[in-house]
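One structure is given below, encoded as C-alpha cells.
To find a chain, count down the sequence lines: A is the first, B the second, and so on, and within it residues start at 1.
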Amino acid sequence: MSNAIEREQTAASGETLVDVQELKTYYGGDGFFASPPVKAVDTVDFEIQRGETFGLVGESGCGKSTLGRTLVQLEQATEGSVSFDGTDITELSGPELKQWRRNAQMVFQDPESSLNDRMTVGEIIREPLDAHDWKTKADRRERVTELLSEVGLREEHYFRYPHQFSGGQRQRVGIARALALEPEFVVLDEPVSALDVSVQAKIITLLEDLQAEFDLTYLFIAHDLSVVRHICDRVAVMYLGKIMEIGDTEELYENPQNPYTQALLSAIPRPDPSVTIDRITLPGTPPSPRDPPQGCQFSTRCPAKIRPEAYADTDDEIWHAVEQLREVVRERSRMSLSTTDQLRKRLDRFSRFDDIEETVTDLFGELSVPQSVEDHVRHAVELVKDGEPKAAQTYLREEFGGVCDTTRPGHHQVSAAGRESYCHRHLDEYEDTTTVLANYVDGA
Amino acid sequence: MARSTADTTNESFRHDSSTLTERIAANPEPALRWAGVAAVLLLLELGAFLGGVLTLFHAAVLGVTALLEVSLGAVSSGLGEAAFGFQTDALASISGVRDAAQSIPTLLSRETISNQGHMVGPNGPWTGTFLGLEPAYAWGIRVVLVLVYAFVTAYWLFRGWLVFRNHYRQADWTPTDDIINRLRDHRWGQFGIAVLVVFLTLALFGPALGPTTVQQNIKSPYAEESQIEYFSDDTGSVETVFAGKANFDSKSKGPNQNVGPMTYDDYGRFHPFGTLPNGRDLFTFMMGGARISLIVTGLAIGLASFIAGALGLISAFYGGTTDLAVLTTADGITSVPRLLLLVMLSAVFANHWLGSVLDGGFLLALIFGFTGWPLLWRAVRGPALQVAQEEWVDAAESFGQRPTLIMWKHMFPYVMGYLLVYASMSAGGIVVSLSALSFIGNGLGITAPTPAWGRAVSLGQSYVAGPSWHIALIPGLMIVILVMGLNAFGDGLRDAIDPETKGSDDGDELAAGGGA
C-alpha cells in the first residue's frame with residue numbers, strides 16, 4: 001500500500017488550541033437505583049494544535065461522537081478538563097458558556113436531521129447571528145449571503161426551504177451555519193458519511209478550502225478510514241471510550257503499532273486486486289460500555305493478548321477455546337435473573353444455565369484438554385450452573401487472565417514523532433505486536 | 001411539492017432586505033384591491049364588528065383582572081380590593097364604548113331588515129316589517145344575507161393570504177402552502193370548516209339572526225320595552241301586549257297546544273324553530289345558546305391547548321425529572337372523575353362571583369381547561385419528544401440559542417399541527433359535556449334563564465313523541481352537527497398536515513372521547 005494520497009499539509013502552528021485531560025463522559029448512573037453508567041468516554045487525553053485537522057476514528061459506539069459533543073459542550077463532562085485556549089470550558093456556564101460557544105461549532109452527520117425544515121435556509125444560517133445579537137439586522141443578511149456563496153450556494157437560495165435541496169447542498173447549509181459566528185474550532189461529526197461518494201469528495205474539498213481561508217481547526221470524526229487519511233494531519237483511534245493509538249496520520253497508517261489499529265487498518269478495502277493483504281478478523285463484538293473489562297478495554301477481542309506465564313505453552317486451539325468460553329460466561333453475567341429464577345437459586349433448584357455444558361462440549365469436545373485446564377474449566381462451569389456467572393467470570397479471569405486482563409495498559413511512545421499506543425506489548429518484557437500479529441495471521 | 005430550484009430570478013431576492021410595508025409600497029395594486037373590498041365588508045358591519053371586538057375585550061379584561069384579584073387577594077386583601085376596583089372601572093368604561101359602537105347602524109341588523117311588525121287588518125297588510133313583507137320572508141332575507149356575508153368575509157380573509165403569498169411573500173414556497181393545497185382538495189375537511197363558519201356566524205350574529213331578541217323574549221319579557229303590537233281578531237283592532245303574556249299563550253306542550261317550526265303564533269310572531277314549552281322562541285334561544293357554547297368551548301380548549309403545548313414542549317425538551325413531574329400531575333388530574341369535579345366545584349363556587357361570570361360559563365371553561373389539558377398533553381408529548389431528538393435542536397443548543405426560543409422555533413412548529421388536530425377533536429367533547437351539564441341542570445351548566453342547548457333538549461324531553469318534537473330534536477341536531485363539523489375539521493387538518501396518515505383511523509377514540 002504505497003499509493004500515498006496527495007494531501008495538502010495544512011500548517012499546524014504548533015500552538016495548542018484544545019487540550020483534553022483525563023476526560024470522562026458517562027451517561028446515566030446517577031441516582032440510587034440506576035444501573036452502572038455507560039462509560040462513553042473513559043479517561044481520554046489529547047491535544048489539538050491550532051490550524052490542524054485532528055481525526056477521530058473507531059467503530060460505531062466507541063464514543064467518538066460523544067467525545068466530539070463533549071468538546072462543544074453538548075454533553076457535560078463527568079470528570080476531567082477541556083482547555084480551550086487556556087480556559088477550562090467544562091467549568092463554564094450561563095453567559096460565559098454562551099459567549100464561548102461562538103468559538104466552537106459543530107457540523108452534524110445527517111443533513112436531513114440537522115436542518116429545521118420549517119425555516120428558510122436564510123433563517124437557518126442567520127439564527128446563530130440572531131442568537132448572539134451580531135451587529136445589525138442588515139449586516140446579518142449581508143453576512144448570510146456572503147456565507148451562502150462561501151459554501152458554494154447562491155444568494156437566491158435564501159428563501160428556499162431545506163427540502164428543496166439535495167443532501168450535499170443541505171450539508172453546505174449546515175457548514176455555513178457552523179461558520180456564521182466565525183469560530184476557531186469546528187467539530188465535524190461524520191460530515192460526509194450520509195452523502196453519495198461523488199458528493200463526499202466535493203464536501204471534503206470545500207471543508208479543506210474553508211479551513212485554509214479562515215484558519216480553522218477541525219476535529220474530524222469518521223469511520224471511513226480513507227477519508228481520514230486524506231484530510232487529517234493527526235489521528236486518534238478510539239475503542240470503547242479509550243484512545244488506542246494517536247499520532248501523525250501518515251505514520252500511523254503506514255506502520256500501526258496497536259493491535260486494534262492494525263486490525264482496523266487491515267479492514268480497509270484495497271482497490272488493487274493483485275495486492276493480497278492479511279486481514280485480521282476480530283472475534284465477537286465489543287463489550288458493553290456499562291461494564292468494560294477490568295484490564296485493557298480491547299482485551300476481550302485482542303488477537304495479540306498476552307498469555308499468563310503458566311499457560312505460555314498451552315496449545316493454541318485449547319487457549320482459543322478457553323478465550324471463547326470466557327466470552328460466553330461474560331455474556332451470561334450480563335443477563336439479569338427473573339424473580340422465579342432468583343427463588344430457584346435460593347432453593348438450589350436453579351437450572352436455567354445448564355446449557356453451558358453444551359457450549360463446553362462444543363468448544364472442548366474434540367480437543368485433548370490438559371488436566372490443569374480441565375479442572376478450572378469444570379469449576380467455572382459449576383459456578384455458572386449454580387447461577388453465579390459473575391463468580392465464574394472472576395474465577396476464569398484470575399486463573400487464565402494475563403496482564404491484559406488485570407491491568408490497564410499505559411500509553412507508550414512508539415515513534416520518534418511522538419506517536420502513542422495503549423498496549424502492554426510495548427513494554428520491553430513482551431513480544432512486539434507486529435511480530436505476534438504476523439504469526440496470528442499466518443496461523444489463521 | 002417543491003418547485004424546481006432553477007426557475008427563480010434574482011428579482012425575488014432583490015426585495016430581500018425590504019420590509020412588508022416597503023414591498024406593498026413597491027407594488028400596491030393587489031393589496032389595495034384586496035383592502036378596498038375588505039373595507040366595504042367592514043363598513044357594512046362596523047358597529048357590530050366594534051361591538052364584538054369590545055365584547056371580547058370586555059371578557060378578556062374580566063378574566064385577567066379576576067385572576068389577578070384572586071391571586072393578589074391571596075397575598076393581601078388590600079391588593080385584592082384594589083384589583084377589584086380597577087376591574088369595575090375598566091369594565092364600566094369598556095361597556096360604555098361598546099354601547100356607543102353598537103348604536104352605529106349596520107346593514108344586517110334587525111332594525112334595517114325588520115321582521116317584527118303587525119297586520120293592520122284581518123288579512124294584512126303588514127306594517128313595521130321590511131318592505132311590508134310577511135315576517136317569515138323578512139326574517140329569511142336577513143338570515144340568508146348574514147350567512148352570505150359571513151362566507152364572503154371568511155373567503156376574503158383567505159383571499160388576503162393568497163394575495164400576500166402571490167405578491168408580497170419573499171419565499172416562493174413554504175411548507176404551509178402544501179398544507180393549504182391539500183386542504184383545498186379535502187371535501188370532508190371543507191365541510192368541517194363550513195360548519196365552523198356557520199356556527200361562528202350563529203354565535204357572532206345571534207342577535208341579528210333571531211326573529212326576536214333574548215332580552216325581549218327570554219330574559220325580561222315583562223319589561224316596559226318588551227311590549228309588542230298585534231292585530232287582535234277578538235277586538236278587531238291592533239292591541240299591545242307584553243311579550244311574556246304572548247309567550248304564555250304560545251306554548252308548545254304537545255297535542256293541545258303547539259307552535260311548531262316555521263309557523264306563526266296568535267300574536268303574529270314568526271317562529272322558525274317553533275316555541276319552547278314556556279312559549280319562548282326556540283330559534284332565539286338557540287342563537288343565544290350558540291354564543292355561550294362557543295365562547296365557553298373556545299376558552300376551555302384555548303386554555304387546555306396552551307397548557308398542553310407549553311408543558312409538552314417543556315417536558316420533551318428537559319426530559320427526566322421535569323417530564324416525570326408533569327406526567328404525575330397529568331395522571332393526577334386525569335384520575336379525578338370530571339363530572340364529580342364539576343358537580344363539586346359548581347357547588348363550591350355557587351355563591352362566588354366567579355360562578356356568575358358569563359352566567360357560570362367562565363367557571364366551566366376554567367374547569368374544562370384545567371382538566372382537559374392532560375389529554376392534549378399526552379397527544380403532543382410524543383411528537384415533541386421526537387422533535388427534541390432531532391439534530392437541529394442540538395445544533396441550536398451548540399450555538400447557544402436560548403431554550404425558550406429553541407422550543408418555540410425548532411419544536412413548536414412540528415407540534416402545533418398535532419395540537420390543532422387534537423384540540424379541534426376534543427372541542428367536540430367539550431360541546432357535548434357542556435350540553436350534558438345544562439341538560440342535567442340543578443345548578444350545573446349555564447345558569448337559567450341564559451339560553452343553553454342542553455336545557456332546550458331537557459325541556460323538550462317529555463314531548464319527543466308528539467307534535468312538539470321540535471323542542472328536543474332541533475337542539476340535539478345542532479349539537480350533533482357542530483361536533484361532527486369539529487371532527488371533520490380535525491380530520492381534514494390532520495390529513496393536510498401529515499398526508500401519510502391519511503386513511504388511518506387513529507383519531508377515532510379521540511372523536512368519541514372527551515365527554516364528561
message: Checking the side chain of A/Q171 only, and the main-chain atoms of A/G168 only, is there a donor and an acceptor separated by less than 3.5 Å?
response: no

task: Examine whether an atom of A/A180 lies under 4.5 Å from a heavy atom of chain B, and if so say whether it belongs to the side chain, the backbone or both; otherwise answer neither.
output: neither

message: I'd like to know if A/R140 pairs up with A/D130 as an ion pair, taking the criterion as any Lys NZ or Arg NE/NH1/NH2 lying under 4.0 Å from an Asp or Glu carboxylate oxygen.
response: yes

field: Interface moiety of A/R118 toward chain B, non-hydrogen atoms closer than 4.5 Å
entry: both

task: Pick one of side chain, backbone, both or neither for A/E127, based on which atoms fall under 4.5 Å of a heavy atom in chain B.
output: both

query: Do the side-chain N and O atoms of A/S83 and A/D88 include a donor-acceptor pair separated by under 3.5 angstrom?
result: no

- request: May I ask you to name which of A/V72, A/L97, A/L74, A/V187 has the most heavy-atom pairs under 4.5 Å with chain B?
  value: A/L74

message: Students often mix this up, so state it plainly: with edges at 30° and 60°, are the rings of B/W377 and B/W373 parallel, tilted or perpendicular?
response: perpendicular

field: Aromatic plane relationship, A/F165 with A/H157 - under 30° parallel, 30 to 60° tilted, over 60° perpendicular
entry: perpendicular

- line: So, the part of B/T174 with a heavy atom under 4.5 Å from chain A: the answer is both

query: Can a donor-acceptor pair be found between the side chains of A/R126 and A/Y158 at a distance below 3.5 Å?
result: yes

message: Using heavy-atom distances under 4.5 Å, tell me whether A/L115 contacts chain B through its side chain, its backbone, both, or neither.
response: backbone

- line: Scored by heavy-atom pairs under 4.5 Å with chain B, the best of A/M119, A/R102, A/Q73, A/M106 is A/M119

